[in-house]
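Below: the structure, in structure tokens.
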Amino acid sequence: MISNIVSKFIFRRTIVLYRCKIRMESNFCYTNELSFINKMYSPVIPTYRVLNNEYIQKSPTVQEIEMDTNLLVKMYTTMISLNIIDTMLYECQRQGRISFYMTNFGEEAVQIGSAAALLSDDIVYAQYRESGILLWRGLNFSDLINQCYGNCKDKNKGRQMPVHYGSKEYKFVTLSSPLTTQLPQAVGAAYGLKQMQKNLCIVCYFGEGAASEGDAHAALNFAATLICPVIFICRNNQYAISTPIQQQYGGDGIAARGPAYGINTIRVDGNDIIAMYNATKFAREYTIQEKKPVLIEAMTYRIGHHSTSDNSTMYRSNQEINSHKNKIPIVLFKKYLEQFNLWDMNKEENFINFNKKTVLEAITIAEKHKIPSWEDLFTDVYYKMPNHISHPVVEETGWLV
Amino acid sequence: MFASVVRSVTRRSFSTSRWAAAQQMTVRDALNSAIDEEMQRDDRVFIMGEEVALYDGAYKVSRGLLKKYGENRVIDTPITEAGFCGMAVGAAMGGLRPICEFMTFNFAMQAIDQIINSAAKTYYMSAGKINVPIVFRGPNGAAAGVAAQHSQCYGAWFAHCPGLKVVSPYNSEDCKGLLKAAIRDPDPVVFLENELLYGVQYPMSDEALTKDFVLPIGKAKVERVGKHITLVAHSKAVELALEAANELAGKGIEAEVINLRSLRPLDMDTIAQSVVKTNHLISIEQGWPQCGIGAEISARIMESEAFYYLESPVIRITGVDTPMPYAKSLEQKALPVPSDIVDVTNRLLGLSQ
Ligand SMILES: Cc1ncc(C[n+]2csc(CCOP(=O)(O)OP(=O)(O)O)c2C)c(N)n1
Ligand SMILES: [Mg+2]
């Protein structure tokens, strides 16, 4: 057993060394010209897009994009569903029914386009603005709503803030608030997949703001050196709360960092759901085949406030927000589907009315559910409950019981 | 949030007479004026953190400072706590007086190496050649409805470490006087604020309104004089102790309430003097019991002369020994309330309830 491990280790090391040698030989070149290098050696990374927009005159036809029309419609309706639940839970927060909420407005395509290109067993490490993935994978409205209400039907037992979902069934790792901690964890999990020789990948979502944490560097560097099947998807929505990208980083965004780590990278129009789908599919095929990481930077815009604790008109103009409204992914995609008779006003109205009703009913029921039981305060702190926790009153008041 | 405001209103109702003429100020404004005055007094002072400039700070503590002092002294940072904390530590080593704001102390965990291994130890390791005059500040402790990763007290964590000074103020006067002291201090100071108190108004004495109002770090304050039992607390738990004392007073029990103000150095003299008088001691904190501030106080009383004056064991009233849940019903159960203090007092003094 031991000798086996040792031989494997030695084998791996020799491969790594060999690789380094090649790299060194082929990557060196000399110059007698003294100058700084910066932008001239790294031109602006282009943004991949498919759907018609101001720059490309004509979108490809449905036949040309080679996607199943049912899939296309399901992608669109999931976007709308996400919109509906966001609108209604946001309203619940405004009415004081829940304490906090975060919407996904404007970022539906990043989430649903990528989710549609993954296998449902691929494991997702998300940040918090990725509820669309759960909807795509089949989580019920009422599951989302019960979590936000933290009632006794919340599968996470009222432990987490609203929108901090988690679902073992849907391979969605419970969200963690401290930013970027999911990135190195995703790499570790991907390393696990590789060791267990599974044909799956880890998909890790994060914001462009979160990319400033040291953990982002650690994750990208480890993914590249440990060679792990992980797809990093950065949602570059231009803001981290009030901080605009100009104050978040210099250089050409998050995508520019990929090649520096030796990671295959794609920049994609995050408002274009087909582009997002294609890019993720392409990335997935590569990562599964090569067991190597990919970095996708999805360029989008956060239409809503950061959270219900934020008022974004304090730091950006209505004019700015409005200028993005005709580029939002739902509008773009709807136009496309209508163009090929896959969708129409009528269908839209029926779908919205039906789902609004469903959400409203789920909310009404969620409000009637009991609060979590007090025992839930003490379970799951440890795998096996230690004595001092199983007698909390004793611990708190000593000899008083 | 609402509950906390209501509570503070009732709290004030029994102390109005003493403060009848005093001006009211929120904790937020007290902190803001402390930073403002110190920035005006000493141009080496600057503030740095996520959203502190354009956005006025996540909790609006730095409101108006960008306009007044410009972007060289009020600095928005990218989201990299370890990074900007390290820069602030370096700036302090280099002769400036940084105030390093964390959106909450929960996020300071990303930067704890810079705080403990660098800020707290450099003066010692450099044999006194390099001091690190820096203030690490931001909200700490249990907030409302923000769950396990945003709602916990780091008082005991930082108070454990030699080289740091740790301040955990309660009201507006505390905040103003102690923050000014922290900014002027030649050593690194961890300044633990409380999110739920930012918007609460407290009376400010005339003296506290002046620019020279500085409170000593390492000195506790007797908030209420009593002779039957000592209640010692810090931050928001002081409010709980005062409420309990008020209730107890109705039954003829005079509780002495000590507001610790500083967790390191810990003012054991004030506590011991009180114990000698009252013969009973309860510590109250919102943090966890094990290795907490109450545990430390209890141990030090055991080791002191005051031990012989105790007529009953020291009791710690703390937060429950689990991570903070989100659901309101569970959250309320996870934190101490004034009736816990009243109950324990009754037991200790052998009174029926
Ligand atoms: C370590 C840490 N620091 C700060 C925060 C506070 N915070 C929460 S979200 C956020 C902005 C993140 O922006 P980005 O990554 O761009 O995601 P977006 O909200 O735009 O989707 C900040 C600063 C946090 N949660 N964790
Ligand atoms: Mg962002």
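So you know, we letter chains A, B, ... as the sequences are listed, proteins then strands, and number each from 1.
Interface remark: B:Met109 contributes no atoms to any contact with chain A (heavy atom separation under 4.5 Å). Interface remark: A:Asp154 contributes no atoms to any contact with chain B (heavy atom separation under 4.5 Å). Contacts between A:Cys152 and chain B at a heavy-atom distance below 4.5 Å are absent for every atom of the residue. Of the two parts of A:Ala211, neither the backbone nor the side chain holds a non-hydrogen atom closer than 4.5 Å to a non-hydrogen atom of chain B. Neither the backbone nor the side chain of B:Glu331 comes within contact range of chain A; no heavy atom of the residue lies under 4.5 Å from a heavy atom of that chain.
Counting heavy-atom pairs closer than 4.5 Å to chain B, the top-ranked of the candidates A:Ser309, A:Ser373, A:Pro372 is A:Pro372. Residue with the most contacts toward chain B among A:Gly150, A:Ser177, A:Gly214: A:Ser177 (heavy-atom pairs, distance under 4.5 Å). Heavy-atom pairs under 4.5 Å with chain A peak, among B:Lys328, B:Glu50, B:Glu81, at B:Glu81. Interface summary for chain B: among A:Ala240, A:Ser242, A:Ser99, the most heavy-atom pairs under 4.5 angstrom belong to A:Ser242. Options A:Asp380, A:Asp310, A:Thr180, A:Asp215 differ in how many heavy-atom pairs under 4.5 Å they form with chain B, and the most are formed by A:Asp310.
Residues of residues 160-167 of chain A having a heavy atom under 4.5 Å from any heavy atom of chain B, listed by number: A:Gln160, A:Met161, A:Pro162. Residues from residues 181-188 of chain A that place a non-hydrogen atom less than 4.5 Å from a non-hydrogen atom of chain B comprise A:Thr181, given in numerical order.
Within 6.0 Å of OH in A:Tyr239 there are more than 12 heavy atoms belonging to other residues, nucleotides or ligands. A:Met88 CE: more than 12 foreign heavy atoms inside a 6.0 Å radius. Annotation for A:Gln95: atom CD counts as buried by contact number, over 12 foreign heavy atoms lying within 6.0 Å. Summarising the local packing, NZ of A:Lys153 is surrounded by 12 or fewer heavy atoms from other residues, nucleotides or ligands at distances under 6.0 Å. Around CD of A:Gln319, the count of heavy atoms belonging to other residues, nucleotides or ligands within 6.0 Å does not exceed 12.
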May I have the step-by-step check of side-chain contact (heavy atoms from CB on, under 4.5 Å) for B:Thr80 and A:His217, ending in yes or no? CA-CA 11 Å; B:Thr80 324; A:His217 157 71; over 6 Å; no
Test log, rule side-chain contact (heavy atoms from CB on, under 4.5 Å), inputs A:Gln247 and B:Leu54: CA-CA 11 Å; A:Gln247 280 179 40; B:Leu54 274 174; 3.6 Å; yes
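Inspection of the A:Ser176 and B:Gln149 side chains reveals an N or O donor paired with an N or O acceptor under 3.5 Å.
Side-chain contact between A:Leu179 and B:Ile79 is present, with heavy atoms from C-beta onward closer than 4.5 Å. Looking at heavy atoms from C-beta onward, B:Pro78 lies out of side-chain contact with A:Thr243 at the 4.5 angstrom threshold. A:Asp376 is listed as a side-chain neighbour of B:Leu330, based on a closest heavy-atom distance under 4.5 Å.
Looking at B:Thr322, its side chain never comes within 3.5 Å of a backbone N or O of A:Phe378 through a donor-acceptor pair.
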